[in-house]
Every structure is written in structure tokens, then in C-alpha cells.
Q: 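Before I ask anything, let me first share the structure, which is written out below as C-alpha cells.
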Amino acid sequence: MQSSAFALSTSIPLLRSRNSNPNPRCRILPTFSAAKPSVAPIRGCGASGGLRTMSPRLGGWEQALSSSPSSRKDLVVRASSVPESAGESPTKASELLQTLLLGSLFGLWYLFNIYFNIYNKQVLKVFPNPLTITTGQFLIGTVFVLFVWTTNLYRRPKITSSQLLAILPLAIVHTLGNLFTNMSLGKVAVSFTHTIKAMEPFFSVLLSALFLGEQPTVWVLFSLAPIVGGVALASMTEASFNWAGFWSAMASNLTFQSRNVLSKKVMVKREESLDNINLFSIITIMSLLLLAPVTLFVEGVKFTPSYIQSAGLNLKQIYVRSLIAGLCFHAYQQVSYMILSRVSPVTHSVGNCVKRVVVIVTSVLFFRTPVSPINSIGTGIALAGVFLYSRVKRIKPKTA
């Protein structure tokens with residue numbers, strides 16, 4: 001919409017009043033906009049040759065003589081419009097700010113994931129106790145969540161016992177998924193673990209068909225072929241391959257995709273304050289409560305200074321790396337949920353595929369993992385299949 005403003009300029013005589021005007025030199029130009037007239041006075045030439053002030057009041061015009069004929073100047077009242085693009089600058093600036101914010105979140109997502117995998121692998125390499133490490137990561141996440149809630153940096157949710165029971169299955173599979181991932185990272189190379197985890201779409205399609213009755217389209221089935229083939233090719237030529245690491249990564253795929261299916265199957269009645277971030281926070285706390293007793297029973301208390309020093313390990317190095325890995329573990333998942341609240345699931349899936357590529361490449365460079373040409377081709381085919389899956393997933397089947 002255009003708004004109008006009045007401008008005054010010196011020109012030929014032109015104003016004319018509605019009543020008979022004895023001064024023929026004055027007339028009114030028909031250039032006023034249909035917009036609401038300004039309440040500011042408009043000066044023009046009066047009947048006596050002087051200046052008059054007119055203002056709209058009760059549908060008419062009031063006239064007052066203001067100066068002598070000798071000081072009269074002929075004035076033109078013209079209407080000028082404000083361009084429609086005048087209000088576009090703040091909008092464009094806001095869109096640019098949102099784009100920069102989203103790009104920063106994606107960068108943090110990738111960065112936290114890289115640091116988590118590197119430091120976590122370094123700890124698991126010399127301290128092969130995945131139960132203790134996973135419990136410690138849940139503990140760090142729980143402390144962070146409680147700090148955020150206590151200081152009101154994020155609103156604490158109101159949750160009922162029935163909601164907690166509905167969330168419990170999600171917490172169980174979330175706990176198992178992270179435990180199996182750490183077990184795999186402790187046995188094989190980071191790049192190989194993430195290559196196997198590229199098979200997540202395969203388990204998603206399989207479980208959705210079995211438990212939700214969702215039949216995949218032909219395009220989805222077509223996209224699964226390069227995923228399965230690429231992972232098989234990479235596994236055959238992996239230098240660090242062992243069955244414990246392979247099946248742990250496969251179990252991680254199964255449990256994480258079971259979590260996604262359960263989130264659809266078990267309809268959690270959410271209150272207004274229970275958003276995705278709070279849901280993840282509650283799952284983190286529940287995972288700690290579930291895994292801590294199992295860790296004490298199976299591995300005992302092994303993260304003490306005396307035990308670490310007796311094993312000949314650098315105490316400060318282990319603690320610092322474990323702390324960084326735990327913080328990055330919680331941070332990258334929180335940022336992932338923040339991104340998911342701003343973009344579509346398809347965009348998030350594509351970003352996750354790119355994230356896996358970034359993690360594989362950086363881990364190979366950092367740990368100097370030996371990679372054969374066939375292994376690289378297999379990994380590339382699997383990741384290309386994941387990207388293709390994320391694109392064709394949005395193609396809905398035609399209904400009869």
C-alpha cells in the first residue's frame with residue numbers, strides 16, 4: 001500500500017476554493033490521493049491576494065488571512081507517494097538474520113559432532129568401558145539440564161506420571177542406541193561406525209512397515225539398494241573390521257529407528273511447555289536413571305582417580321577429554337532439535353547426511369585411518385543412497 005504526503009513548491013498560481021473565487025489566479029489541482037487527508041494546515045493564495053490557512057474540519061475549510069498582498073507567493077500543493085519498497089528493508093534484514101542464525105546452528109551441529117566423535121574415540125581407545133562412558137555422558141547432560149531449568153534459562157516443563165510412562169519406552173531405546181554406538185566406536189574406526197550407521201533408513205523403512213503398516217514407495221525401495229550395497233562393499237574392505245563393532249553399530253541403527261517408530265506409535269500427550277528440547281531433556285535424565293544401576297552392577301566403579309592411575313593412564317587427560325565429549329554429546333543433540341524446529345524433516349535429513357560425511361572425512365584425517373579405494377567407493381555409494389532416500393521420502397504415493 002502506498003501512503004501519500006503533501007509537498008509545497010513555488011509555481012504558477014493554481015488554488016481554487018469550492019465557493020466562487022474572485023481571484024482567478026487560484027485553483028485547486030486534482031492531484032490529491034485517496035488516502036486520508038493530513039491534519040496539517042495547507043497554505044495557499046487567498047481571495048485578497050494574501051496567504052490563507054486551510055484545515056479540514058467538519059467537512060469544510062476554514063480560511064484565515066495571514067499576510068499582506070506584498071508578501072504573497074503563489075504555491076502549489078502536490079501529492080507525492082512513498083514507494084512500496086520503503087518497508088522491505090527491515091523484512092530483508094530479518095530474513096538475512098534468520099538465515100545466518102540457521103547456518104550458525106548447522107555449523108555448531110557439525111562442530112559438536114566432530115569433537116564428540118574424536119574425543120570419545122580417544123577415551124574409549126584407552127578406557128574400553130562403554131557402560132561407564134555412556135553413563136558419564138548422560139550424567140553431564142543431566143547436570144546441564146538441571147542447571148538450565150534451575151536458572152530459568154529454559155522453562156521447566158510440567159509433566160504428569162502418565163506422560164512419564166509414555167516416554168519410558170523412548171528413554172529405553174535412546175539409552176540402548178547411545179550405548180551400542182559407544183560400543184562400536186570402541187571396537188572399530190569412527191569412519192566405519194558412521195558408514196554402518198548410514199543404514200538407518202533401511203531399518204526405518206523395515207520397522208515402519210512392520211509396526212505402523214506404512215508401505216514404502218518404489219522410489220524409497222530403489223534408494224535403499226545403494227545404501228545396503230555401499231555398506232556391504234565398505235565392510236568387506238575395512239581394515240579395522242570386527243564383528244563386535246559391526247553388530248554394535250547395527251544394533252544402534254535398530255534401537256534409534258525403534259525410537260522414531262515408538263514416537264509415532266505411542267502418542268505422548270504434550271502440554272504446551274513440553275516441546276522437543278524438554279522432551280529430550282527428560283529422556284536424558286531417565287536414561288541416566290536407567291543405565292547407572294546397570295553400570296555399577298556390570299563394570300563397577302572404574303572412573304576413580306586411583307583406578308585410572310593404576311591402569312597407567314593420564315588422569316587429567318582422561319577427565320578433560322571425557323568432559324569435552326560429554327558436553328559435545330549433549331550439545332549436538334540439543335542443537336539438532338533446535339534445527340528441526342526451524343526446518344522441514346526432509347531438510348534436517350539432508351543436513352544429517354552431510355553431517356555424516358563431514359564426520360567421516362574429519363575422523364579419517366585426524367586419526368589417519370587407512371582407507372582403500374574400494375572402501376572409499378563403498379562409503380560414497382552408501383552416503384549417496386542416504387541422500388537419495390532423503391529426497392524421495394517426500395514423494396507421496398498416488399491414492400486411487
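The shown structure was predicted, so the numbers you read here are calculated from the model rather than taken from an experiment. Every heavy atom of this structure was used, including side-chain atoms; hydrogens, water molecules and symmetry mates were not.
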Q: Go through the steps to decide whether T181 and S252 satisfy the test side-chain hydrogen bond (donor to acceptor under 3.5 Å, both in side chains), and finish with yes or no.
A: CA-CA 6 Å; T181 299; S252 173; 2.7 Å; yes
Q: What are the two closest heavy atoms between I277 and Y337, and how far apart are they?
A: CG1-CB, 4.2 Å
Q: Hey, is the main chain of I196 close enough, under 3.5 Å, to the side chain of N253 for a donor-acceptor pair?
A: yes
Q: Ignoring hydrogens, what is the shortest heavy-atom contact between N375 and A234? Give both atom names and the distance.
A: ND2-O, 3.0 Å
Q: Per the salt bridge (charged side-chain N to carboxylate O under 4.0 Å, His left out) rule, what does the pair list look like for residues 196-205, sequence neighbours excluded?
A: K197-E200, E200-R356
Q: Check the orientation of F127 and Y307. Use parallel for under 30°, tilted for 30 to 60°, and perpendicular for over 60°.
A: perpendicular
Q: Is I282 close to P157 at the side-chain level, that is, under 4.5 Å between some pair of heavy atoms?
A: yes
Q: Is any side-chain heavy atom of L365 less than 4.5 Å from a side-chain heavy atom of T362?
A: no
Q: Whether the side chain of S208 engages the backbone of V205 through a donor-acceptor N/O pair (distance < 3.5 Å, no angle test) should be reported.
A: no
Q: Just checking F180 against F256, ring centres under 6.0 Å apart?
A: no
Q: Please give me the minimum heavy-atom distance between Y332 and F112, naming the atom from each residue.
A: CB-CB, 3.5 Å
Q: Could you note down all residue pairs passing side-chain hydrogen bond (donor to acceptor under 3.5 Å, both in side chains) where residues 308-324 supplies at least one of them, sequence neighbours left out?
A: Q122-R321
Q: Between L279 and I283, is any pair of side-chain heavy atoms under 4.5 Å apart?
A: yes
Q: Do the side-chain N and O atoms of S184 and T193 include a donor-acceptor pair separated by under 3.5 angstrom?
A: yes
Q: Sub-3.5 Å donor-acceptor pair from the side chain of N278 to the main-chain atoms of R155, do we have one?
A: yes
Q: Looking only at the side chains, is there a donor atom on one of T135 and T295 sitting less than 3.5 Å from an acceptor on the other?
A: yes
Q: Classify the ring geometry of F116 against F329: parallel below 30°, tilted from 30° to 60°, perpendicular beyond 60°.
A: tilted
Q: Verify, without hydrogens or angle tests, whether Y110 (side chain) and G351 (backbone) share a donor-acceptor contact under 3.5 angstrom.
A: yes
Q: Report yes if some heavy atom in the side chain of F138 is under 4.5 Å from a heavy atom in the side chain of N178; otherwise report no.
A: yes
Q: If we only count heavy atoms from C-beta on, is the F246 to V188 side-chain gap below 4.5 Å?
A: no
Q: Check K158 against Q163 and note the closest heavy-atom contact, atom names and distance.
A: O-OE1, 3.9 Å
Q: So which pairs with a foot in residues 240-250 pass side-chain hydrogen bond (donor to acceptor under 3.5 Å, both in side chains), sequence neighbours left out?
A: E238-S240
Q: Between H174 and F280, how do the two ring planes meet: parallel, tilted or perpendicular, split at 30° and 60°?
A: perpendicular
Q: Is it the case that the side chain of R342 and the backbone of M338 share a donor-acceptor pair, with hydrogens and angles ignored and the cut-off at 3.5 Å?
A: yes
Q: Is there a side-chain contact between L206 and Q257 (heavy atoms, below 4.5 Å)?
A: no
Q: What's the verdict on side-chain hydrogen bond (donor to acceptor under 3.5 Å, both in side chains) for N113 and N117, showing C-alpha distance, side-chain angles and the deciding distance?
A: CA-CA 6 Å; N113 214 287; N117 281 277; 2.8 Å; yes
Q: Would you say T150's side chain and F147's backbone share a donor-acceptor pair under 3.5 angstrom?
A: no
Q: Of the non-hydrogen atoms in G385 and P226, which two are nearest, and what is the gap between them?
A: CA-CG, 3.7 Å
Q: Could you check whether any side-chain heavy atom of L176 comes within less than 4.5 Å of a side-chain heavy atom of I172, counting everything from C-beta outward?
A: yes
Q: Spell out, as yes or no, whether a donor-acceptor pair under 3.5 Å connects the side chain of T237 to the backbone of L233.
A: yes
Q: Any non-hydrogen side-chain atom of L288 less than 4.5 Å from a side-chain atom of T284?
A: no
